Novice: 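Please read through the structure below; I'll follow up with questions.
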Amino acid sequence: MSKNTKAVAKKQVKTKASTKKATTIKSVAANYVYAFGKKTDGNATMRDLLGGKGANLAEMASIGLPVPPGFTISTEVCGYYYDNGKTYPASLSKSVLKAIKQIESQLGKSFGGRSNPLLVSVRSGARDSMPGMMDTILNLGLNDVTVEGLAEISGNPRFAWDCYRRFIQMYGDVVMGVQARSEEEEDPFHEILEKMKRKLKVETDSDLSTENLKALVDQYKALIRKRTRSAFPQDVFEQLWGATSAVFSSWRNERAILYRQQYAIPAEWGTAVNIQAMVFGNAGDDSATGVAFTRDPANGEKVFYGEYLINAQGEDVVAGVRTPNAIAKLADELPQSYRDLEKVRNKLEKHFKDMQDFEFTIEGGRLFILQTRNGKRTGLAAVRIAVEMQRERLMSQETALLKIPAESIDSLLVPVFDSKALKAAPNIGKGLPAGPGAATGRIAFTAATAEAETRKGNKVVLCRNETSPDDLKGMLHSQGILTSRGGVSSHAALVARQLGKVCICGASEVVINYEKKTLTAGKVVLKEGDYISIDGSTGLIYKGMIESADSEVKRVLEGSLKANKSYTYELFQTVMSWADKHRTLNVRTNADTPAMAKQAVAFGAEGIGLCRTEHMFFDGERIDIMRQMILAADEVQRRSALKKLLPFQKKDFVGLFKAMEGRPVTIRLLDPPLHEFLPHDDVVRRQLAEKLGVPFDFVIDRIKALHEENPMLGCRGCRLGIIYPEITEMQARALFEAAAQVSKGKKAIKIKAEIMIPLVGFRAELADQLAIVHRVAAEVMKKHKIKIDYLVGTMIEVPRAAITADEIAHEADFFSFGTNDLTQTTLGLSRDDMGLFYDQYQSKEIYNQNPFASLDQTGVGKLVELAVERGRQTKPNIKLGICGEHAGDPMSIDFCHRTGLNYVSCSPPRVPIARLAAAQARLRNK
Ligand code: ADP
Ligand code: MG
Ligand code: MG
């Protein structure tokens, strides 16, 4: 997991800008309530204050789209609410009352009135939409009296009672906490409804009569009384404040917190509350409710996409209770509304200049728009939509680049099913392709099982009738998600789009039985733990395991597929060429072998920023010689082992230089503590003693002598080269000999070697190693009568090096920030020992991000800034790069750009992400 889940730097930058804005507004007016409708106070730019939903409702109202009137209680109130023991500012209730009056007069209805009652929805809405994470309550304002009024004025008692039972259910669930008490238990309201449907032998809830619905209302009320020992409230203002508080409280529910961690949304932002006049998609057969996207959010294609249900209310579509119809069918069922909807689709895209995900309701043939936002999309769709919208001149190249979360480029590179294996696999069913890609794993029927199995190291596909926000954690742990119910806007589909998960939803022929723990598709019955494979690009489901193959892009880059045969490659190439045009940061790679280096070059790497030479010593025969070197009793013995190692090392360097074809190559001298190379079990130790012709006890004694309590902080890095200068000498010699070899002859390559000394904290350490490197360089160049272009620099990976960077820069041609160790040493925290407390730290939101995945900018970042500043004081042109894990993380790349580094160096597969992130950093910080 994690590819698409890490938030992009954009958010970080936005945080800063937004906080500023919020405070300014606060100081100008202590206004907490913003109307939309006939009179509109807000607009799309005010999302910090009004939340995304509120800001866009205001914007739509002011460009003349049919939005039911309402008002937004600002996010500031959320802050107040939590800071003041869940209470409200004194002036709020008056403002709310006034705003309600405004709606009443616009619609000629009255809130709590008998004759023509106003009903409202109470909706959450954070700055960045967090779909389904917080709560919404519909049909508020109904009670035993107003329901009769609604029945009379609508002339449709069935409808009125349908609204009432929906309201009681939502209010009971969200405000009064009447919910399923375990994962195995059904929602208690749902259970009552299902029981009634079974008893009456009807298919769907729209088949229930007025009398049935009245009975349902009674049963719901009884359930609430039984569970909470209090009655469902009849006072409409009590209802309103109950719902408002529930929405504010939902900002801190467990799933919202988890979601915020996924997307690095700060807890301080808070949610707004939107209170809006209801319109009714459940008012009859010329009424409907639906969700639509202006383009396909799964693959990005420019087609009208979405779904609806006739005679239903919004949550029915989203919750996946009935499987909705594809939007195209509306053209037959309600042709005029479909045409109206098409117009809205165009207007929205032209106005918001991005793919929109919008919610609509048709009441008696009249269309209303209830929400719009920039649609969440899969990584593939993000790339395609940005490229195509740029071609359609809906956005500039710069905007298009910024619209693609850098991580999404990865979804063009993920493996697909091997086409041969796919042909042989038994297809057992089909659903809606909701998250492209290929996933194979064991069936898990609950989120808890999915999580547990994954922790055991098994790959799972989560198979459920439908998912709910409580399943989020299990979904995160799954390779893919399969649901039997729900459409393309169901929770499962939505999460898949956001998390970049492979997903098939609404596979209606698949029957999942939670009790028996079986999945039945036609004649095939699969059990929990059996293998299943799903193709989220086609919607096809297969029994068993299917092997995967390289993506089209990789095949083009390797030459096994023609570029013009792959639209995916065209998209990839377009984005990469734009990115290269706009970025100033160079992108290098961390590679230890020619194969890795070649792959990275194909992905666009401009050099090697880190070659870990120790990785070269683990192979076959070398490890024995390495061990001989380590166990050597004196320098003579050590030198004799090193002499044997030299040709291997030289060959490695030749390979790297050739693979990099003249691009700069940074080679780090031996870094890890020596005992990492020694065997742990006695059998191997005995064999080693025999091979080396030394007594077993001698081996044991040496191993004991090398033991360290805290190897991370022990004899490693340049300390090794300082106590055993002959190691540095051998490595330098191998490197320069290799350089000499490839810079001669017909296919001569111009070498740019950069030798990097690890773990330096003192200028004198670097000076010591430098002297050796320069001496060997001079010897080799003299011997071969050539000049080799090389630099010597150091890693900055302990705080002392950063603090004394001005001194160290006297010796160094370059600095490379080793932010893995720098994070470890700055936080006083070993990366490998976070397990015991990390979960707790996450749920307490102590670390915003895993500091080893995304650079701790306020802590470790300060040291980097300091080192940059001091290094440049001494040597204005000193070359600066970063080679820690962070170099592939978009948010950290943004930091590197702002700090003025010359390059980032990441692992080969992350090179495309880094190229895009570097361009975005430039555009964002222009
Ligand atoms: P979420 O943020 O989880 O999407 P919403 O606030 O959008 O929640 O509400 C969920 C659904 O409730 C919407 O899709 C919409 O169909 C329905 N809804 C909300 N407000 C109204 C309203 N005023 N009239 C009719 N339906 C509404
Ligand atoms: Mg919504
Ligand atoms: Mg290090």
Side-chain angles (χ1 to χ4, degrees), residues 36-37 47 50-57 60-61 66-73 100 103 106-107 109 111 118-142 159 162-163 166-167 169-171 173-174 240 243-244 246-247 250-251 253 255-256 259 271-283 287-293 306-309 311-321 324 356-364 366-376 468-469 472 487 489-491 493-495 498:
F36 52 86
R47 49 189 310 136
L50 304 182
K53 197 182 288 166
N56 279 358
L57 280 168
M60 288 196 294
V67 174
F71 60 92
T72 304
I73 304 177
I100 292 271
I103 307 177
Q106 267 179 75
L107 300 177
K109 298 184 178 185
F111 188 54
L118 169 68
L119 305 194
V120 297
S121 61
V122 177
R123 320 170 64 186
S124 60
R127 239 184 248 189
D128 272 9
S129 89
M130 297 167 55
M133 293 301 130
M134 290 179 296
D135 295 321
T136 291
I137 292 135
L138 305 181
N139 308 312
L140 189 141
L142 280 175
F159 153 71
D162 185 47
C163 291
R166 286 168 183 275
F167 175 46
Q169 159 161 18
M170 281 186 149
Y171 198 90
D173 169 1
V174 173
L240 187 69
T244 303
V247 171
S250 67
W251 176 252
N253 71 29
R255 58 184 198 241
Y259 185 94
T271 181
V273 172
N274 300 288
I275 295 173
Q276 184 178 30
M278 284 296 300
V279 287
F280 301 100
N282 56 335
S287 299
T289 185
V291 179
F293 293 81
E307 54 195 12
Y308 69 97
L309 281 172
N311 199 7
Q313 269 194 344
E315 293 299 57
D316 301 349
V317 176
V318 184
V321 181
Q356 295 296 295
D357 160 0
F358 65 101
E359 296 173 359
F360 64 90
T361 283
I362 299 163
E363 178 182 333
R366 256 183 85 190
L367 176 65
F368 294 93
I369 310 301
L370 292 170
Q371 183 174 345
T372 192
R373 60 187 167 217
N374 293 345
K376 301 271 186 219
S468 78
L472 186 61
S489 53
S490 65
H491 178 261
L494 194 132
V495 172
Q498 260 177 291

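Everything numeric here is computed off the predicted structure, so don't read it as measured data. We count ligands from 1, going down the list as the structure has it; atoms in each ligand are counted the same way.
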Novice: Donor-acceptor check, side chain of Thr271 to backbone of Gly125, threshold 3.5 angstrom: yes or no?
Specialist: yes

Novice: Should Pro68 be listed as contacting ligand 1, given a heavy-atom distance under 4.0 Å as the test?
Specialist: no

Novice: Evaluate the side-chain proximity of Arg47 to Asp128: yes if any heavy-atom separation is below 4.5 Å, no if none is.
Specialist: yes

Novice: Could you report the tightest heavy-atom contact between Gly51 and Ala272, atom names first, then the distance?
Specialist: N-CB, 4.1 Å

Novice: Restricting to under 2.8 Å, identify the protein N, O or S atoms around the Mg ion (ligand 2) as residue plus atom.
Specialist: Glu359 OE1, Glu359 OE2, Gln371 OE1

Novice: With respect to Phe111, which candidate in Leu240, Ile103, Leu119 satisfies the side chain to side chain contact (heavy atoms under 4.5 Å, CB included) definition?
Specialist: Leu240

Novice: With rounding to the nearest 0.5 angstrom, report the CD to CG distance, Gln106 to Leu118.
Specialist: 10.5 Å

Novice: Who passes ring pair (Phe, Tyr, Trp, His ring centres under 6.0 Å) against Phe368, sequence neighbours left out?
Specialist: none

Novice: Could you see which bit of Leu138 sits under 4.0 Å from ligand 1, with heavy atoms only: side chain, backbone, both or neither?
Specialist: side chain

Novice: Using a 3.5 Å cut-off on N or O atoms only, is Arg123 in polar contact with ligand 1?
Specialist: yes

Novice: Counting from 1, what ligand 1 atoms have a heavy atom of Ala277 closer than 4.0 Å?
Specialist: 22 (C), 23 (N)

Novice: Return the orientation label for the Phe360 and Phe358 ring planes: parallel under 30°, perpendicular over 60°, tilted otherwise.
Specialist: tilted

Novice: Could you give the distance from CD (Gln313) to SG (Cys163), rounded to the nearest 0.5 Å?
Specialist: 5.0 Å

Novice: Between Glu359, Met130, Met278, Met134, flag the one that comes closest to atom 22 (C) of ligand 1 by a heavy atom.
Specialist: Met278

Novice: Heavy atoms only: which of Val122, Asp135, Leu370 lies closest to atom 15 (C) of ligand 1?
Specialist: Leu370

Novice: Between Gln371 and ligand 1, which part of the residue brings a heavy atom under 4.0 Å of the ligand: side chain, backbone, both or neither?
Specialist: side chain

Novice: Only one of Leu50, Ile369, Val67 passes side chain to side chain contact (heavy atoms under 4.5 Å, CB included) with Leu57; say which it is.
Specialist: Val67

Novice: Under 4.0 Å, heavy atoms only, figure out whether ligand 1 is touched by the backbone of Thr136, its side chain, both or neither.
Specialist: side chain

Novice: What do you reckon, does Lys53 put a non-hydrogen atom under 4.0 Å from ligand 1?
Specialist: yes

Novice: Any nitrogen or oxygen of Ser121, main chain or side chain, under 3.5 Å from a nitrogen or oxygen of ligand 1?
Specialist: yes

